[in-house]
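Remarks on the structure that follows.
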Amino acid sequence: MTSTLSRLVKGALRGRWSAPIDPLLRQVALRSTALISRGRSSPLARDTLGHFPPGPLLLGHRGAKARAPENTLGAFQAALDDGGHGVELDVTLSGDSVPMVLHDDTLDRTTDVFGKPSDFDADELGELDAASWFGAWPRPEGIPRLEDVLRAMPDGAVVNVELKGPSPAWVGLERRVVDVIRAHGARMHIIVSSFHPAQLLEVRRLAPRIPIGVLLWPEALLPLRTAWAVPLLGADAVHPPSSLVDQTFVNAAHAAGLRVHVWNVADLNDARRLLNLGVDALIVDDVAAHAPLFGRAR
Ligand code: G3P
Ligand code: MG
């Protein structure tokens with residue numbers, strides 16, 4: 001640990017963060033899961049362990065991001081059509097405080113306007129062109145409300161709702177999202193994830209039976225705090241990038257009653273490696289390419 005810290009400081013001085021943080025984050029994550037193994041998890045978290053369908057799950061990252069405009073209704077349908085058990089999506093707030101499905105802080109990359117989502121109300125965001133930036137796509141797509149996506153999902157679908165922020169513009173995001181999930185999420189398997197422990201703490205406070213997953217990220221200092229939060233929150237899952245996951249990580253998480261939902265899967269070989277390790281979900285851009293590994297090719 002000491003040598004890792006030393007590398008961390010040196011890396012920071014040189015402006016290179018990711019290399020030294022990767023092993024340090026793994027240490028923190030493992031120690032956090034060990035804490036839960038000692039009985040510090042929330043009983044409420046354990047109540048949710050039967051919440052998910054059996055077997056490893058295939059989730060489309062922002063929908064079927066590789067072949068559809070991300071975080072649109074069309075992308076989510078494409079992920080299901082391609083054999084996914086469900087989808088991962090990102091949620092932010094419109095100017096009139098409606099949970100909207102959008103990844104970036106701004107509209108610049110994925111729509112036909114510049115600005116922030118908080119500059120527009122939900123109806124206006126729904127009217128934007130959220131597809132043309134992607135290229136060929138057969139139908140118009142706006143920025144959907146979270147409610148629209150949940151209404152469109154079939155019974156039994158798995159939906160990973162990632163909270164974006166926190167930001168002063170998005171105060172109240174957690175409560176608004178919980179309200180939508182309560183109203184429209186009963187037919188499916190939902191888990192709320194975030195890189196930010198404070199957001200997950202608020203979700204747990206508002207709705208203790210909604211599963212929560214702590215996102216880990218090796219390329220910033222923040223994950224050092226999010227990993228600490230795993231036992232404190234009594235989280236149901238950890239959401240690490242593939243680079244953090246080996247057999248020790250999976251065993252420690254499972255021993256602590258935590259599911260392992262992996263994102264940033266590099267390629268099919270990496271996916272096979274992760275499935276052999278026993279992870280519980282892969283969150284991938286190209287759902288169709290991964291579906292055969294799950295026996296779900298369409
Ligand atoms: O939830 C996994 C992944 O979506 C986290 O990163 O930036 O793609 O939302 P990002
Ligand atoms: Mg995301």
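We count ligands from 1, going down the list as the structure has it; atoms in each ligand are counted the same way.
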Intermediate values then yes/no, salt bridge (charged side-chain N to carboxylate O under 4.0 Å, His left out), Glu70 and Arg109: CA-CA 11 Å; Glu70 67 182 52; Arg109 181 177 63 88; 2.7 Å; yes
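Looking only at distances, a side-chain donor or acceptor of Asp108 sits under 3.5 Å from a matching main-chain atom of Gly115. With hydrogens and angles disregarded, a donor-acceptor distance shorter than 3.5 Å links the side chain of Glu88 to the backbone of Arg62.
When side chains are defined from C-beta on, Leu93 counts as touching Arg176, because their heavy atoms get closer than 4.5 Å.
Protein N/O/S atoms nearer than 2.8 Å to the Mg ion (ligand 2) total 3.
One distance of note links CG of Leu258 with NE2 of His261; it measures 10.0 Å at 0.5 Å rounding.
Ligand 1 is surrounded by His61, Arg62, Glu88, Asp90, His103, Glu162, Lys164, Phe195, Leu215, Trp263, each with at least one heavy atom closer than 4.0 Å.
By the neighbour-count criterion of 12 heavy atoms within 6.0 Å, atom CZ of Arg296 is densely surrounded, having more than that number from other residues, nucleotides or ligands.
Within the structure, salt bridge (charged side-chain N to carboxylate O under 4.0 Å, His left out) pairs that include any residue of residues 154-168 comprise Asp90-Lys164, Asp155-Arg187, Glu162-Lys164 (at least two apart or interchain).
Side-chain contacts under 4.5 Å among hydrophobic residues (ILVMFWY), followed directly or transitively, place Leu102 together with Val98, Met100, Leu107, Val113, Phe120, Leu125, Leu128, Ile143.
Not less than 6.0 angstrom separates the ring centroid of His254 from the ring centroid of Phe249.
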